[in-house]
Amino acid sequence: MARVSQAHLDARRRQILDGASVCFARNGFHATSMQDVLKEVDLSAGAVYRYFSGKEELIAAIVGEVLGEVRESFEEESRHIPPPAPDILVSSVLGRVHASREALTVDGQPAFPRLVIQVWTETLRNPELAAILSEGYGGVREAWARIVVAYQEAGMMRSDVSPDHVARTMIATVQGFLVQQSLFGPAPVEVLRDGLRALMSVSAPLSGA
């Protein structure tokens, strides 16, 4: 029997994760069965179960992959001295995540924002998924905090604010943008970039003005 290459195994795993992501984004986790996933990816049960034991493991793999990609992107940016300004940095990372999943659609719309909402909802009833999400967000917060410290050391940002507070705020900004996309339709990352750029330009009015 011919040995299956690692490239083939990786491509098959990617196929399953992408198909499951579309299914979950379309109907949610509870309304999606493994049969739905098998139909979406056009594979046999044996082929899919070789990689994942069921829906819970699929969900965990999808969440871990996305958060890992985001964390790695921010960690890479944190190595720049100084890092890019927040408007450039956030739009670059979010654009990269979107681009890697732009082929995944539901009813002609990007699946990724809808999938994010489904994940957040599922964490309310799934302690294991909540733990994965918490760990992943913790890593993103730490990467962002290092970026803030670099801003402060370079004199780009005021130093009397906790780096973790800034990190939480920037994460909340991205989360809110994804919620808007899920509820109101897709929007280019340039919208977020321009909004952040405008907010960064705000200054206190001159006294007596």
Side-chain angles (χ1 to χ4, degrees), residues 1-79 89-123 126 128-144 171 174-175 178 181-182 186 189:
M1 180 180 295
R3 183 176 180 180
V4 178
S5 69
Q6 187 60 48
H8 175 83
L9 294 173
D10 292 343
R12 182 57 55 82
R13 186 175 188 275
R14 174 82 272 141
Q15 179 185 356
I16 296 168
L17 286 174
D18 287 349
S21 296
V22 169
C23 286
F24 294 146
R26 181 188 298 125
N27 295 319
F29 296 122
H30 296 294
T32 299
S33 67
M34 283 302 290
Q35 287 300 318
D36 295 325
V37 175
L38 297 179
K39 182 178 179 180
E40 183 72 31
V41 300
D42 194 24
L43 293 173
S44 68
V48 172
Y49 284 114
R50 175 179 183 179
Y51 296 86
F52 303 100
S53 62
K55 285 199 303 181
E56 299 294 325
E57 194 169 316
L58 273 168
I59 296 167
I62 292 168
V63 171
E65 181 181 68
V66 172
L67 288 173
E69 183 179 338
V70 172
R71 183 182 66 251
E72 289 171 8
S73 295
F74 281 127
E75 287 178 345
E76 179 181 340
E77 296 294 349
S78 72
R79 299 187 187 102
L89 191 153
V90 170
S91 60
S92 173
V93 171
L94 187 57
R96 201 177 308 168
V97 173
H98 273 296
S100 67
R101 292 163 176 79
E102 62 184 355
L104 307 181
T105 61
V106 175
D107 299 328
Q109 303 295 329
F112 180 63
R114 295 179 59 167
L115 179 63
V116 169
I117 302 300
Q118 297 289 353
V119 167
W120 292 342
T121 302
E122 181 66 8
T123 59
N126 187 326
E128 290 79 13
L129 183 59
I132 293 171
L133 198 65
S134 178
E135 180 181 358
Y137 273 122
V140 173
R141 277 173 55 195
E142 290 174 2
W144 245 116
I171 291 172
V174 174
Q175 290 174 327
L178 290 172
Q181 289 186 310
S182 177
V189 293

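Predicted model only: the values in this text are computed from it and were never measured.
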(request) Give a yes or no on whether a salt bridge exists between E135 and R71, defined as a side-chain N under 4.0 angstrom from a carboxylate O. (result) no
(message) Quick one: does any side-chain atom of S100 pair with a main-chain N or O of V97 as donor and acceptor, under 3.5 Å?
(response) yes
(request) Write out all pairs satisfying salt bridge (charged side-chain N to carboxylate O under 4.0 Å, His left out) with one or both partners inside residues 106-118, taking only residues at least two apart or from two chains. (result) none
(message) Nearest 0.5 Å, please: how far is CD1 in I16 from CD1 in I62?
(response) 11.0 Å
(message) How long is the straight-line distance from CG of D10 back to CD of Q15, given to the nearest 0.5 Å?
(response) 13.0 Å
(request) State whether D18 and R14 are salt-bridged, where the test is any N-O pair (Lys NZ or Arg NE/NH1/NH2 against Asp/Glu carboxylate O) under 4.0 Å. (result) yes
(request) Please round to the nearest 0.5 Å and tell me the distance separating atom CZ of R141 and atom CZ of F74. (result) 14.0 Å
(request) Calculate, to the nearest 0.5 Å, the distance between atoms CZ and CG belonging to F29 and N126 respectively. (result) 9.0 Å
(message) Looking at A131, is its backbone amide N or carbonyl O close enough to the side chain of S134 to form a donor-acceptor pair, meaning the two atoms are under 3.5 Å apart?
(response) no
Only distances under 3.5 Å count here; give the side-chain donor-acceptor pairs of residues 39-51 to other protein atoms, sequence neighbours excluded, each with its distance to 0.1 Å.
unit_1	atom_1	unit_2	atom_2	d
E40	OE1	R26	NH1	3.4
E40	OE1	R26	NH2	3.4
S44	OG	A47	N	3.2

(request) Measure the spacing between CG of L129 and CH2 of W120 and express it to the nearest 0.5 Å. (result) 13.0 Å
(request) Give a yes or no answer on whether the side chain of K55 reaches the backbone of S33 with a donor-acceptor pair at less than 3.5 Å. (result) no
(request) With sequence neighbours left out, write down each residue that passes ring-ring contact (aromatic ring centres under 6.0 Å, His included) with F52, or none if nothing qualifies. (result) none
(message) For R96, is there an ion pair with E77 - N to carboxylate O distance below 4.0 angstrom?
(response) yes
(message) Within the supplied structure, the quantity of interest is the number of heavy atoms (other residues, nucleotides, ligands) at a distance under 6.0 Å from Q6 CD; does it exceed 12?
(response) yes
(request) Check for a donor-acceptor pair, side chain of T105 on one end and backbone N or O of A111 on the other, with a separation under 3.5 Å. (result) no
(request) Mark yes or no for whether S182, through its side chain, and L178, through its backbone, hold a donor-acceptor pair below 3.5 Å. (result) no
